[in-house]
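Below: one structure, written as structure tokens.
To find a chain, count down the sequence lines: A is the first, B the second, and so on, and within it residues start at 1.
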Amino acid sequence: MDDRLTEQELVRREKAAALKEKGIDPFGDRFDRTHNTETFKAAFSRFSKEELHDLPNPEIVRIAGRIMTRRIKGKAGFEHIQDQYGQLQLYIRQDVVGDEQYELFTSGDIGDIVAVHGTAMITNTGELSLKVTNYLHLVKALRPLPEKFHGLVDVEERYRRRYLDLIMNDKSMATFVLRSKIIQKLRDHLNAKGYLEVETPVLHPILGGANARPFTTHHNTLDMPFYLRIAPELYLKRLLVGGFDCVYEIGRLFRNEGMDTKHNPEFTTIELYLAYSDLEGMMDLCEELIAEVAQATIGTTTVTFEGEEIRLARGWKRAHMLDLIQEKTGIDFRKITDFEEAKAHALSHKLPVEKHMTSVGHIVNLFFENFCEKELIQPTFVHGYPIEVSPLTKKEPGDPRFTQRFELFIGGREYANAYTELNDPLDQKERFLNQLKEKALGNEEANEMDADFVEALEYGMPPAGGIGIGIDRLVMLLTGNPSIRDVLLFPTMRQRAK
RNA sequence: GACCCGCUAGCUCAGCAGGUAGAGCAUUUGACUUUUAAUCAAAGGGUCGGGCGUUCGAAUCGCCCGCGGGUCACCA
């Protein structure tokens, strides 16, 4: 802690001490409000200035909030207080509240939290305000707020001290309120369809469910290592074996990868499974879910993101990966079965072929990621993923080189990943063995063998569709924020030097 | 991890052919009973991100370090 106080901090500490001497707790207690700034405006904005002035029995309302601006003009003054919903102007007159309370008003500071009683009024400039009859101090702010006009601009400070960002930038507050509502609507929608929300372990003894580098930790009593989960998939599927019909989990995943405007080491997804469904079922559910959440939260299914108008209304494009690659490069991978031929195409397109890429499917995936993803602006389900990169997905019935998997792309970014779930334990075991081979060849993101999961499948998992949707990215899209850090309340930051 | 940019008062920013550090808001004091980026008058407030170097002299030039942002790479 910095123990050198600025002049302003000293003054505020002295003011706190002075309050205490008067018998007022500088960090006060409960105050029962009748209104917040929003309900106050809803209740009184229908009246004219004259009507409010002439009300025979004006309602005494009780409101609390943080002082954001002050204009003291001798024996009367104004200030705006703010709560989560907005601001409200207070009009305080010495001849109404009395000398003691007027002194509380004039000696208060921007940033303090106050509580008032009063009646609605409209000022000469037409602003619905509160004429204060009782002015109470609630909480002293020992530090000054950022400047009122520009607010808090410094990006680092906005992330490290998000509370100041929320106080000063109403756009930031709006983003996080919307984030909560988006998640709430996801829940509402699924709950209404009969899905059950479940919680599965965050500490995983075995790496699986996705391809990613993990965080590792250690449990002292068990004296064993754990991974922070990179995906909840294998646990949720065990629940399908157990008889759950449709489940979902909203929660944090952890991946020890790079950070940028689209990636944070911890991020939030919703993952859900529906027994007796398949990939088609997941496509229908996905577009229904996102279109309806958009409509319910931002009131439209058309959004502008990074200069592109994106239409989320249902009826999204569905495309086979091989067709997209052929469109962009002219190469028809349906006809290529020889790895060396595929590799030669990759090299002539300057694609980096890594050691663990040992079959055509790896090259197909490489082509798709490098030439197709960025072009998919309108919502597009891309299906036909190679089996090599889809170790948990059921094969295409007609062509075992590919799987019943899709990813959803919007604005050139992945938003969701879905499968017809692999429920054949013998096939699953083989896939795990292939993953182990890749791991041996240097693919750090390969799955580990999860024998316990295979055993669960041996008891029989119903045919099922499953999907995971990146919630942070969905929030970015619906709130128009191009950086993931602007939709995370407390984005991961390096510890600041003392 | 690489490259580019930034870091000056509580906040927002000037100052950078090197010559004792500035403004606005905020703070303090005074005036003001419908103001709203209130106004008017006066005052206080800084190890210029940290360190080393060049120099008679560094916020300014050089090197190293820290933190952040952007782009790229890996990934969702």
Considering only heavy atoms and no angle criterion, is a donor-acceptor pair shorter than 3.5 Å present between the side chain of Asp260(A) and the base of C74(B)? yes
Tell me whether the side-chain N/O atoms of Arg485(A) come closer than 4.0 Å to OP1 or OP2 in G69(B). yes
C1' atom, G44(B) versus C56(B): distance in rounded Å? 33 Å
Expressed as a whole number of Å, how far does the P atom of G49(B) sit from that of A14(B)? 14 Å
Under the salt bridge (Lys or Arg N to Asp or Glu O under 4.0 Å) rule, what pairs show up with a residue in residues 115-138 of chain A, not counting sequence neighbours? none
Which nucleotide in the list U35(B), A76(B), G69(B) gets nearest to the side chain of Arg255(A)? A76(B)
P atoms of G66(B) and A59(B), separation to the nearest Å: 23 Å
Over all strands shown, is Thr261(A) touching base, sugar-phosphate only, or nothing at heavy-atom distances under 4.0 angstrom? sugar-phosphate
A37(B), syn or anti by chi within 90 degrees of zero: anti
Look at the side-chain N and O atoms of Arg71(A) and state whether any lies under 4.0 Å from the OP1 or OP2 oxygen of U35(B). no
Sugar-phosphate only, base, or nothing, as touched by Thr123(A) at under 4.0 Å among non-hydrogen atoms: base
At 4.0 Å (heavy atoms only), tell me whether Met168(A) reaches a base, stays on the sugar-phosphate, or touches nothing. nothing
What nucleic acid atoms does Arg158(A) come within less than 4.0 Å of, heavy atoms only: base, sugar-phosphate, or nothing? nothing
Looking only at side-chain atoms of Glu445(A), point me to the closest of U34(B), G70(B), C74(B). C74(B)
Between Arg413(A) and A76(B), is there a side-chain N or O to OP1/OP2 distance below 4.0 Å? no
With a non-hydrogen cut-off below 4.0 angstrom, is Gly151(A) in contact with a base, only sugar-phosphate, or nothing? sugar-phosphate
Around atom NZ of Lys22(A), are there more than 12 heavy atoms from other residues, nucleotides or ligands closer than 6.0 Å? yes
What contact category does Tyr159(A) fall into here, base, sugar-phosphate, or nothing, at under 4.0 angstrom with non-hydrogen atoms? sugar-phosphate
Ignoring hydrogens and angles, are the base of U35(B) and the side chain of Glu127(A) linked by a donor-acceptor pair under 3.5 Å? no
Over all strands shown, is Gly470(A) touching base, sugar-phosphate only, or nothing at heavy-atom distances under 4.0 angstrom? nothing
Taking only the P atom of each, what is the distance from U34(B) to G69(B) in whole angstrom? 47 Å
Can a donor-acceptor pair be found, under 3.5 Å and without considering hydrogens, that links the side chain of Asp83(A) to the backbone of Thr37(A)? yes
Counting side-chain heavy atoms from C-beta on, which of A76(B), A38(B), U12(B) comes nearest to Phe267(A)? A76(B)
Starting at the 5' end of RNA chain B and moving along, which residue's nearest nucleotide shows up first, Thr492(A) or Arg473(A)? Thr492(A)
Mark up nucleotides 21-33 of chain B, 5' to 3', with B wherever a protein heavy atom is under 4.0 angstrom from a base atom, S wherever such an atom reaches only the sugar-phosphate, and - elsewhere. ---BBBSS---BB
Between G45(B) and C32(B), how far is it from one P atom to the other, in whole Å? 28 Å
For U54(B) and G62(B), measure between their P atoms and round to the nearest Å. 16 Å
Pairs involving residues 121-158 of chain A, ordered by first then second residue, that meet ring pair (Phe, Tyr, Trp, His ring centres under 6.0 Å) (sequence neighbours left out): Phe105(A)-Tyr135(A)
On a whole-Å scale, what distance lies between the C1' atoms belonging to G51(B) and C7(B)? 16 Å
Determine the interatomic distance between P on C61(B) and the same-named atom on C48(B); round to the nearest Å. 16 Å
